[in-house]
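Both ligands and their constituent atoms are indexed starting at 1 by order of listing. Since the structure is predicted, the reported quantities are computational estimates derived from the model, not experimental observations.
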Amino acid sequence: MSEIRIKRIDLTRDYEAHHREYQEAIERVCRETAFSGGKFADTFDREFAEYVGVPYACGVNNGTSALHLAMLALGVGAGDEVIVPANTYIATAWGVSYTGAVPVFVDCTPDTWEIDPERIEAKITPRTKGIIGVHLYGQPFDYAGVSAVAQKHGLFVAEDCAQAHGAKFRGRNVGSLGEMGCFSFYPGKNLYAFGEGGSITCKKESYYRHMTRLKNQGCDIRYYHDEIGYNYRLEGLQGAVLSVSLKYLPQWTRRRQEIGHRYLQEIRNPLITMQVHPDNTEPVFHLFVIQVEERDKFLAYMADAGVECNLHYPVPCHLQKAYAHLEYRKGDCPNAEALAEHCVTLPLFPEMRENEIARVIALCNEYGV
Ligand SMILES: *Cc1c(COP(=O)(O)O)cnc(C)c1O
């Protein structure tokens, strides 16, 4: 095989393809000096709300802030508990912890690797306020299952959509299903800023107004602070760049789906297990995660072949040192723990070339034989 090096993700190809448009957008912001919040951030908010199919999108400075503000607007605070999957990026839990509430970790299913609705009820206490489901790797979690439990117990459902822009559950966009949809535009996410960015989508005007005040130092009228607020505004430059990227998101998503489905169909190796994607969902393949036997051997084999892989995530949330005080033990979330031990993320990004896709598939199929 030819000696090509394949990166896990390569953002330079998007910039090369569209640099003129990006530069023009940046130039417009500079000319108008609309740097913090302002016209370009507001325009992106309207476009993003329309894309998700909700009345409101509240742009913020990153996805972690989006989760924090969503929890505050939902009334989460000290003494409360919020259910969160053990298998997610840690920021899902930070959003809860920042309010003084406690994240309660629930295991994922052994096949979809998403939050297991059947394990939620056992974790509900009188202090439980709600559930944050995560559409992890771009695969929608079982919203119907989670919301049935939530309704029975009077809990909210918020969605962490940081990895799932454009994904659908039963034909409906993620971010329009629960009370709040929290998005990240960190570089490398399916829709990304040239820096940091995030957004919260919602249907209720009161939530939108409250989050707009909170991100803006707690004021509706400048210098009149009605509550303790934050500086969580989206930058104008990021809004302008995101408006350009949003136009390309549908074609990037189609390309991710083509590559994802090729991996699913063409990688055939008894040492490799794939995530299960239920019929009623349209995943957007933010990350293509597999489980592999003898992971260290596989990682060395791919690195020798010039293919970059990485791990999402090597330590599940409930076993992170930051949450040692919650006293979880190994064995509490066995599916998430097995995933942490065996997961590998293969290269996948919209600009991948045919020979690169074919090489990743061939290497996976030849592993261990
Ligand atoms: C990226 C990510 C976040 C945090 O977003 P930032 O913009 O990096 O703060 C939260 N949750 C999940 C699942 C993520 O992947």
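- Proximity to N62 (heavy-atom distance under 4.0 Å) selects the following atoms of ligand 1: 7 (O), 9 (O).
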Report task. Evaluate the salt bridge (Lys or Arg N to Asp or Glu O under 4.0 Å) criterion for residues E205 and R209: first the C-alpha distance (whole Å), next the side-chain angles of each, then the deciding distance (0.1 Å), finally the verdict. Result -> CA-CA 6 Å; E205 188 182 355; R209 291 204 180 285; 2.7 Å; yes

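- Distances between N or O atoms of D160 and those of ligand 1 include at least one value under 3.5 Å.
- When each atom of ligand 1 is checked for a heavy atom of A162 under 4.0 Å away, the hits are 2 (C), 3 (C), 10 (C), 11 (N), 12 (C), 14 (C), 15 (O).
- Considering both main-chain and side-chain atoms, L136 never comes within under 3.5 Å of ligand 1 through any nitrogen or oxygen pair.
- Every residue was checked against the ring pair (Phe, Tyr, Trp, His ring centres under 6.0 Å) condition with Y207, not counting sequence neighbours, and none meets it.
- Considering S184, A66, G197 only, the shortest heavy-atom separation from atom 7 (O) of ligand 1 involves S184.
- From the protein, the heavy atom lying nearest to atom 1 (C) of ligand 1 is K189 NZ, 1.5 Å.
- Ligand 1 places these atoms under 4.0 Å from at least one heavy atom of A91: 3 (C), 4 (C), 10 (C).
- Nearest heavy atoms, A101 versus P103: O-CD, 4.0 Å.
- For atom 15 (O) of ligand 1, the closest non-hydrogen atom of the protein is Q163 NE2, 2.8 Å.
- Looking at residues two or more places apart in sequence or on another chain, you find a side-chain contact (heavy atoms from CB on, under 4.5 Å) between S206 and K204.
- You'll find the side chain of E118 stays beyond 4.5 Å of the side chain of T109, heavy atoms only.
- Here the closest non-hydrogen pair linking S199 and A57 is OG-CB, 3.7 Å.
- Using a 4.0 Å cut-off between a side-chain N of Lys or Arg and a carboxylate O of Asp or Glu, E121 and K152 qualify as a salt bridge.
- Atom-to-atom distance recorded for R256:CZ and E351:CD is 8.0 Å, nearest 0.5 angstrom.
- Looking at ligand 1, you won't find any N or O of T88 less than 3.5 Å from one of its N or O atoms.
- For ligand 1, the atoms closer than 4.0 angstrom to any heavy atom of G63 are 5 (O), 6 (P), 7 (O), 9 (O).
- Closest protein heavy atom to atom 9 (O) of ligand 1: T64 OG1, 2.5 Å.
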